[in-house]
Amino acid sequence: MSFEYAPAPESRAVVSIKPKYGHFIGGKFVAGSKHFPTINPATEEVLSQIALAGKAEVDAAVKAARKAYVGTWSKMSGKERGKYLYRIARIMQERAREFAVLETLDNGKPIRESRDTDIPLAAAHFFYHAGWADKLEYAGLGTSPKPLGVAGQIIPWNFPLLMLAWKVAPALAAGNTVVLKPAESTSLTALLFAEVCQQAELPAGVVNIVTGDGSTGALIVNHPGIDKIAFTGSTEVGKIIARAVAPTKKSVTLELGGKAANIVFDDAPIDETVEGIVNGIFFNQGHVCCAGSRLLLQENVAEEVLHKLKNRMEKIRVGDPMDKNTDVGAINSKEQLAKITELAAAGDAEGAERWSPACNLPAKGFWFAPTIFTGVTQAHRIAREEIFGPVLSVLTFRTPQEAIEKANNTPFGLSAGIWSEKGSRTLWASQQLRAGVIWANTFNKFDPTSPFGGYKESGWGREGGRHGLSAYLKGVSHE
Ligand code: NAI
Ligand code: MG
């Protein structure tokens, strides 16, 4: 028997979106010169016009950040800085509903995820780092740790506010000031965060937000007035940034792509594992750098797992992100949809077998049904390249050693998952996997206290936890 869900739409009345936005520089909103539209990817409705920062605006933001660093923030005691961070965290909690609705409208992710994951975790990052601000001397990072100065921070569109929190909270806790650029398709929650900074009476210039595209990002990366670059996004752009900062004195952290193996051993608890596989690849439409996008099944349980996985996938609700029952929302952009479609077509062409449950996709907006490919080999593009969408590539293995070899056979190394009831096997496997984060009998668990980052082409440095703090302090190595 199956139950029909009645629609349960979240109200958008809680947000007021302006027709046009400027930049947030030196504590004030300043008008932009050029603008571009930001849309709701679930409906293609234009939500607002976002300003495109050029050289003059980036210069002004860096100047404001330097002034605030020299004049105020670097002189302030950690205890005082912490007060501001606590204030920001509390205001984010108070305005959580507004943030969640805005994030869902601008990004396309289900309201259930923005409400229960993105926004609470973003606030948690500020609370966590607020606690560090007056205890840096005791973090095991030297007796008198010093900030780096002005940090240029460039973030992606998959977790817009959360990635802002990952970057801004540790930078401020450690005594740096920031110039942050959100991704071009998801600027609205960063601009609402700017309002929160005003509400918290954060000293002018400590946080500056300039909006724009890759050209604005490049202006930040190449700006001589910046001491540190923190970037999350594609490996391609990460390499451009690494080359640009190599001949300079800038510090850099890069959080890039992934192609994580989610390994299922034959002693795994199958029902729980199926939930973990679904969460691993269909959470946030698969727009997750650490997504479990390569499922490695031990051969003798492969058939059973796939059968149960397909049954479970039949129950995934794809559609209106504002509906509280929705599991999978809209693909973030037309460009991303084109990329997913192209890679899935390559899966067909190279001989893998595609399966999706029946689902009615809305006529307008950008959608991709949850999809699995079986019969995938390691040579297939869908086993090697990051799809960044709701597409799972399934491979099989016979022995545990073969699982490790296949899992590590990738240029990436961000995350991995292990499903087994046996602790010794889990420990054995996790010691051999070349991945920064390894989950055992769970997947996609995030916590501000836990460092996150990758090996190889997945990036440099760590964010979160004590390790993440070190990336915003002088003279502390961060690997
Ligand atoms: P992207 O790397 O181009 O964009 C990420 C951010 O970098 C945005 O704010 C963008 O404006 C900025 N940017 C772009 N070019 C830049 C440059 N030359 N210098 C400085 N900043 C620059 O990512 P895109 O094009 O949106 O997505 C392409 C693919 O990248 C995705 O399909 C996915 O595979 C991967 N990706 C990975 C992410 C992750 O969390 N690791 C996040 C976003 C994308
Ligand atoms: Mg791009």
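No experiment lies behind these values; they were computed from the predicted model shown. Just follow the structure's listing: the first ligand is 1, and inside any ligand the first atom is 1. For reference, positions follow the sequence shown, starting with 1.
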Numbered atoms and elements of ligand 1 in range of [X], under 4.0 angstrom, heavy atoms:
X: F231; value: 2 (O), 6 (C), 7 (O)
X: K339; value: 29 (C), 31 (C), 32 (O), 33 (C), 34 (O)
X: A183; value: 9 (O)
X: G217; value: 19 (N), 20 (C), 21 (N)
X: P156; value: 42 (C), 43 (C)

Minimum non-hydrogen distance to atom 37 (C) of ligand 1, winning option of G459, G257, G233, P160: G233
Option whose closest heavy atom lies nearest to atom 40 (O) of ligand 1, chosen from I154, N158, N332: N158
Within-shell test, F159 vs ligand 1, heavy atom, strictly < 4.0 Å: no
Enclosure of R434 CZ (heavy-atom neighbours >12, cutoff 6.0 Å): no
Exceeds 12 heavy-atom contacts within 6.0 angstrom, atom CD of E353: no
Salt bridge [X]-[Y], side-chain N to carboxylate O under 4.0 Å:
X: R12; Y: E45; answer: yes
X: E342; Y: R381; answer: yes
X: E350; Y: R384; answer: no
X: D227; Y: R66; answer: yes

Test side-chain contact (heavy atoms from CB on, under 4.5 Å) applied to I316 and V318, step by step: CA-CA 6 Å; I316 293 176; V318 185; 4.2 Å; yes
Just to be sure I read this right, does ligand 1 sit under 4.0 Å from the backbone of [X], its side chain, both, or neither, counting only heavy atoms?
X: Q336; result: side chain
X: I155; result: backbone
X: D213; result: backbone
X: E335; result: neither
X: E184; result: side chain

L256, any N or O under 3.5 Å of ligand 1 N or O: yes
T232 N/O under 3.5 Å from ligand 1 N/O: no
Side-chain donor-acceptor contact under 3.5 Å, W419 with N262: yes
V58/H223 under side-chain contact (heavy atoms from CB on, under 4.5 Å): CA gap, chis, key distance, verdict: CA-CA 8 Å; V58 171; H223 201 290; 4.0 Å; yes
Within the 6.0 Å centroid threshold, strictly below: F452 and W166: yes
